Amino acid sequence: MPSLSATLERFQPSAIAEIFSLAVRLKEEGRDIVNLSSGEPDFDTEANAKQAAVEAIAEGQTKYTNIDGTTALKRAIQAKFRRDNSLDYRSEQILVDAGAKPLLAHGMQAILDPGDEVIIPTPCWTSYVGMARLFGGEPKLVPCPEEAGFKLQPEDLERAITRRTKLILLNSPCNPTGAAYAEDELKALTDVLRRHDHVWIFADDIYEHIVYDGFRFVTPAQVEPRLFDRTLTINGVSKAYAMTGWRIGFAGGPTRLIEAIRKVLTQSTANPCSISQAAATEALTGPQDFLVERADSFRQRRDLVVGAINQMPGLRCSPPEGAFYLYPNCAGLLGRRTEEGATIESSHDFARHLLEHWGVAVVPGSAFECDPYFRLSYAASTTELEEACRRIGRACGELI
Ligand code: PLP
């Protein structure tokens, strides 16, 4: 038999995949499952973006485009960065890819050599660790304590940086905690990073528009312009514009880095879908008012679920600044037993119990490198959320 890549040997099977396939199987068996494990908004793509795609097809925009994106989309992205982030990128400093996820991956491919350290504040989005490993990097996980709002502390960042550090991944608002850095908090981190000019910064701003209670979103290159030449500012239309399936992400960065990523694209994926690019251009240039309305709808749902969780024995959760996830602490449930006599020893046991016995799918904290917590997405209808809260409350209440 031919062998597979030795790199893949270093991968752990994902806890998300296990819960997801169990949820699918139970659903196929006819069980009533409330799925709060998904990472996508429950809104539909706006009509103007869909219409732009229809017109693009009718007009024959069905061919290869520039590898790094159409001129129209790059202009729309330039305007977006100016409008939302006060960042001025020239056209050659912008790049479009088939989602923020491939952009992160291609960005890492462009800079990492074997043994380079990648600083990842945890809890973190599952893909960061796998991606860093895939491209030869060594993830250096830096825990962000719950007491500090799950945010990276400047002194912990300073301690984590070594001569081998190549990259830090910053994600605000964060998946899975929803934590977002206010300007002074981010400035404290950029002050540390300024002292280490061998480190690249990837800012994953994909949840930028999903923030609450008057929170003002800021991004590293904006807060500290002296980091502009080392920062890749990554964003996309998946979350804010509810366009997960269209697969468009984009980034602004220094010319040298953008050219390097373009080189990777040239030899791998080439351009993202031409029709999706037309839809994304319209999404970014058309009316933006609905972004605030959607954020408010998410905020109402956040408050509903946080309120309910804090009434449940053994769970606690603070309201986060953004995204559409909660990351409740379930330490109070560990060591308790189910009615069948099984002991809950980890968030994984609790997530499995919730799914198998109560039909609620959430993701255990081990998937995000920080336990004992679980991630719950509240991008679901109020009816579903109320039902899920009823079930989780009963599940907690019945553990002995
Ligand atoms: N970054 C974070 C933190 C995410 O949570 C996700 C999706 O869940 C992505 C990036 C991927 O975004 P895209 O759909 O644009 O690839």
Side-chain angles (χ1 to χ4, degrees), residues 14-17 19-20 35-43 45 49 69 73 77 80 95-109 118 120-132 134 139 144 150-152 167-181 201-211 217 219-220 232-252 261 265 268-269 272-273 276-277 279-280 283-284 298 320-327 362-363 365 367-370 375-380:
S14 147
I16 296 193
I19 290 288
F20 191 78
N35 190 348
L36 304 185
S37 70
S38 155
E40 64 184 345
D42 56 334
F43 296 109
T45 301
L73 179 52
I77 294 164
K80 175 260 172 294
L95 184 131
V96 186
D97 204 338
K101 189 172 189 171
L103 231 165
L104 282 153
H106 292 140
M108 285 193 216
Q109 245 178 325
V118 178
I120 306 177
T122 63
C124 65
W125 183 42
T126 37
S127 294
Y128 291 156
V129 176
M131 265 184 209
L134 196 54
C144 304
F150 294 114
K151 292 179 201 176
L152 179 61
L167 168 67
I168 174 167
L169 292 165
L170 287 174
N171 173 215
S172 169
C174 168
N175 175 5
T177 62
Y181 293 88
I201 299 135
F202 284 7
D204 181 348
D205 296 348
I206 195 81
Y207 296 99
E208 162 181 22
H209 290 294
I210 308 174
V211 287
F217 174 86
T219 190
L232 188 67
T233 305
I234 300 169
N235 213 316
V237 291
S238 284
K239 313 288 177 174
Y241 297 90
M243 293 176 70
T244 44
W246 298 77
R247 309 310 303 132
I248 294 292
F250 52 83
I261 303 174
L265 294 185
S268 53
T269 53
C273 169
S276 297
Q277 290 193 66
L284 291 174
F298 280 130
E321 292 91 347
F324 40 71
Y325 308 106
L326 297 179
Y327 204 56
V362 298
V363 184
F368 309 101
E369 310 289 344
C370 176
R375 189 191 76 177
L376 173 160
S377 160
Y378 51 87

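As the structure lists them, so they are numbered: ligands from 1, and atoms in each ligand from 1. Note that the numbering runs from 1 along the sequence shown for the chain. Not measured: the values here are computed from a predicted model.
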- Judged by atom type as modelled, is there a donor-acceptor pair below 3.5 Å linking the side chain of Ser377 to the main-chain atoms of Ser38? yes
- Message: Run the side chain to side chain donor-acceptor pair (under 3.5 Å) test against Thr233 and tell me which residues pass, sequence neighbours left out.
- Response: Tyr89
- Of all residues at least two apart in sequence or in a different chain, which pass the side chain to side chain donor-acceptor pair (under 3.5 Å) check with Glu208? Lys80, Asn85, Asn235
- Side-chain (Thr126) to main-chain (Phe368) donor-acceptor, under 3.5 angstrom: no
- Item | Amino acids contacting ligand 1, non-hydrogen cut-off under 4.0 Å | Gly99, Ala100, Lys101, Trp125, Tyr128, Asn171, Asn175, Asp204, Ile206, Tyr207, Ser238, Lys239, Arg247
- By side chain to side chain donor-acceptor pair (under 3.5 Å) - contacts of Tyr207 (at least two apart): Lys239, Tyr325
- Task: Using side chain to side chain contact (heavy atoms under 4.5 Å, CB included) as the criterion, point out the one residue from Leu326, Leu36, Asn175, Thr177 that pairs with Arg375.
- Result: Asn175
